[in-house]
2 protein chains.
Amino acid sequence: MGRSKLPLLKIESLTNRQVTFSKRRNGILKKVYELSILCDVDVAIIMFSPSGRLTHYSRKRRIEDVLSELISLPDSERGL
Amino acid sequence: MGRSKLPLLKIESLTNRQVTFSKRRNGILKKVYELSILCDVDVAIIMFSPSGRLTHYSRKRRIEDVLSELISLPDSERGL
DNA sequence: TACTCTATGTATAAATG
DNA sequence: TCATTTATACATAGAGT
């Protein structure tokens with residue numbers, strides 16, 4: 001998208017990788033927020049940036065609670 | 001998007017909510033996958049569907065390991 | 001219920017400030 | 001670096017099967 005199509009490969013330039021991370025992180029967070037509202041569901045997302053910084057988001061519940069629920073499920077009910 | 005713009009409100013029809021969830025979940029998973037490759041980062045995402053089913057994804061590491069790292073961080077380093 | 005189609009809205013790569 | 005612009009690619013709402 002944008003002016004040219006990006007191949008699905010690690011972006012070699014650190015600068016470009018950080019710029020792309022920042023833009024796409026924001027896009028994903030927006031989509032996650034919309035999904036949680038439109039469908040009234042819990043979504044939790046955790047992202048580590050190229051420099052190791054953390055971003056996480058969870059709308060309805062504390063992220064630890066979502067994670068606890070996940071970890072407590074048997075493998076067969078963990079979906080994908 | 002699509003033929004008309006959706007207002008950012010809970011979709012009242014259960015059928016439409018499930019259809020929208022399914023489409024958007026796939027879109028978000030694709031974006032998360034692309035981000036993890038392009039920027040070579042860890043991303044973990046957990047979603048509960050309108051009917052309570054779970055979808056989660058984490059590319060580089062087991063999701064439990066990503067979550068453990070998050071939980072172990074002090075609040076001041078947890079980002080967003 | 002789960003496809004496909006496609007018009008339309010959105011995200012974003014690269015350029016620019 | 002960081003914000004804005006804009007051309008282009010992508011996602012998706014609703015319709016049709």
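Naming convention: chains lettered A, B, ... in sequence-line order (proteins, then strands); numbering from 1 in each chain. Hydrogens, waters and symmetry mates are skipped; everything else that's a heavy atom, side chains included, is used. Computed from a prediction, not measured in an experiment: that's the story for all the values here.
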Quiz item: Does A:Leu8 belong to the same Ile/Leu/Val/Met/Phe/Trp/Tyr cluster as B:Val32, with side-chain heavy atoms less than 4.5 Å apart forming each link?
Solution: yes
Self-check item: Residue pairs involving residues 28-42 of chain B (criterion salt bridge (charged side-chain N to carboxylate O under 4.0 Å, His left out); sequence neighbours excluded)
Solution: A:Lys10-B:Asp40, A:Arg24-B:Glu34, B:Asp40-B:Arg59, B:Asp40-B:Lys60, B:Asp42-B:Arg61
Practice problem: Measure across B:Pro50 and A:Cys39 and return the closest heavy-atom pair with its distance rounded to 0.1 Å. | Solution: CG-O, 4.2 Å
Quiz item: First and last nucleotide of DNA chain D in contact with chain B, 5' to 3', at under 4.0 Å to a heavy atom: what are they?
Solution: D:dA11 to D:dG14
Exercise. Carefully, step by step, assess A:Met47 and A:Leu54 under the rule side chain to side chain contact (heavy atoms under 4.5 Å, CB included).
Key: CA-CA 6 Å; A:Met47 298 182 268; A:Leu54 177 69; over 6 Å; no
Practice problem: Nearest 0.5 Å please: distance from the OG1 atom of A:Thr55 over to the CG atom of A:Leu29. | Solution: 6.5 Å
Exercise. Describe, as an angle rounded to 10 degrees, how the axis at the first end of the helix from C:dA2-D:dT17 to C:dG17-D:dC2 is tilted relative to the axis at the last end, five pairs per end.
Key: 30°
Distance-only criterion, 3.5 Å: show the donor-acceptor pairs between side-chain atoms of residues 16-23 of chain A and protein atoms not counting sequence neighbours.
{"from": "A:Arg17", "atom 1": "NH1", "to": "A:Ile11", "atom 2": "O", "distance (Å)": "2.9"}
{"from": "A:Arg17", "atom 1": "NH1", "to": "A:Glu12", "atom 2": "O", "distance (Å)": "3.4"}
{"from": "A:Thr20", "atom 1": "OG1", "to": "A:Asn16", "atom 2": "O", "distance (Å)": "3.1"}

Quiz item: So do A:Ile28 and A:Ile45 actually touch side chain to side chain, heavy atoms under 4.5 Å?
Solution: yes
Self-check item: side-chain contact (heavy atoms from CB on, under 4.5 Å) partners for B:Arg3, two or more places apart
Solution: none
Quiz item: What string of B, S and - do you get for nucleotides 12-17 of chain C 5' to 3' if you count protein non-hydrogen atoms under 4.0 Å?
Solution: BBB---
Quiz item: Side chains of A:Ser49 and A:Ser51: is there a donor and an acceptor less than 3.5 Å apart?
Solution: yes
Practice problem: Could you go through the side chain to side chain contact (heavy atoms under 4.5 Å, CB included) check for A:Ser36 and A:Tyr57 one step at a time? | Solution: CA-CA 11 Å; A:Ser36 75; A:Tyr57 171 76; 4.2 Å; yes
